[in-house]
Amino acid sequence: MENRNTVVPACKSDVRASRRISLRAILAHLLAIAACLTTSAAAADELSLLINGKAIHLGSPAGSNLNEKNWGLGLQYDWERANEKWRPFATVSEFRDSNKNISYYAGGGALYRFQFDSAHVDVGAVGFLMVRKDFKNGDPFPGVLPVLSVGTKNVAVNITYVPKVEPKAVPLWFFQLKISLNSFL
């Protein structure tokens, strides 16, 4: 009599869970890298806490119940380049999406700064890699979106416009509160 072990193939859900765990590990590493960047000698660079909080859906279908309280946390690291108005940045974040599922993203971009005494307006774009439970089978997907940030040295509001990207999607405005951590570090 032969001793045979039965091999059970992995389920798709197991593979997806493994991908989500891997992405969480990647995001954890990115957060650690962002934290390490704060130890650099460049005092003008800035690490900020992002508090995700609001989405305003435009033209939602009747009877839809989209989540507009997109609570979550993230980090943004801005590099200030001497005598230049462009500010490159890196960002990682998680939040509850419109369907109340947790979404994760990591990316970067650049903002052009208009300075007005102690206030500023930044305009630019962010490129990112995102994971959402009910989009693209939970696989990471890339994106590029416009960004507007209005505030002061210590506090700003980041505003991103998300256009309709698939037939079922609804365009929206996404808001984050950005709080500088430099005074706490």
Side-chain angles (χ1 to χ4, degrees), residues 19-56 67-98 101-133 140-162 172-185:
R19 285 184 195 153
R20 279 191 296 274
I21 292 169
S22 297
L23 184 64
R24 288 180 185 148
I26 290 168
L27 290 176
H29 284 94
L30 288 172
L31 286 170
I33 290 168
C36 290
L37 290 173
T38 63
T39 61
S40 73
D45 293 350
E46 181 179 304
L47 179 66
S48 296
L49 174 68
L50 298 176
I51 301 174
N52 303 308
K54 183 70 176 169
I56 298 175
N67 177 34
E68 292 199 335
K69 295 177 183 171
N70 299 128
W71 298 114
L73 295 174
L75 293 173
Q76 180 172 319
Y77 190 85
D78 297 323
W79 288 273
E80 184 173 333
R81 297 164 62 184
N83 300 321
E84 291 192 29
K85 298 221 177 226
W86 284 101
R87 295 178 59 101
F89 68 92
T91 182
V92 294
S93 192
E94 62 83 25
F95 61 95
R96 291 225 175 254
D97 67 19
S98 299
N101 295 313
I102 299 293
S103 293
Y104 304 93
Y105 73 83
L111 298 168
Y112 188 83
R113 173 148 296 175
F114 297 93
Q115 190 70 46
F116 305 98
D117 294 323
S118 62
H120 65 265
V121 175
D122 297 338
V123 179
V126 59
F128 57 88
L129 193 60
M130 180 179 255
V131 172
R132 291 184 52 193
K133 179 180 177 183
F141 62 91
V144 177
L145 295 171
V147 176
L148 172 70
S149 184
V150 179
T152 65
K153 178 181 176 185
N154 294 319
V155 178
V157 175
N158 292 347
I159 306 166
T160 304
Y161 176 71
V162 182
L172 61 97
W173 292 100
F174 181 72
F175 295 84
Q176 297 174 312
L177 183 62
K178 178 182 167 191
I179 302 169
S180 175
L181 296 176
N182 284 8
S183 59
F184 300 108
L185 298 175

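Nearest approach of L111 to F89, heavy atoms of both residues: CG-CE2, 3.7 Å. Between T160 and P146 the shortest heavy-atom distance is CG2-O, 3.3 Å. For H120 against T152, the heavy-atom pair with the smallest separation is CE1-O, 3.0 Å.
The shortest side-chain heavy-atom distance between V147 and I159 does not fall under the 4.5 Å cut-off.
Here the OH atom belonging to Y77 is positioned 14.0 Å from the OG1 atom belonging to T91, to the nearest 0.5 angstrom. Taking CG of D97 as the start and NZ of K133 as the end, the distance is 10.0 Å to the nearest 0.5 Å. Going from atom CG of N52 over to atom CH2 of W71 covers 9.5 Å, rounded to the nearest 0.5 Å. Rounding to the nearest 0.5 Å gives a distance of 5.0 Å between OG of S103 and CZ of R132.
In this structure, F95 and F174 have tilted ring planes: the angle between them lies in the 30° to 60° band. Between Y161 and W173, the ring-plane angle classifies as tilted under the 30° and 60° cut-offs.
Judged purely by atom type and a 3.5 angstrom limit, N70 has no side-chain atom pairing as donor or acceptor with the backbone of F175. Panel note: side chain E46, backbone W79; no donor-acceptor pair is recorded below 3.5 Å. A donor-acceptor pair under 3.5 Å is absent between the side-chain atoms of S180 and the main chain of S48, judged by distance alone.
Classification of D78 and R113 as a salt-bridged pair fails, no side-chain N sitting under 4.0 Å from a carboxylate O.
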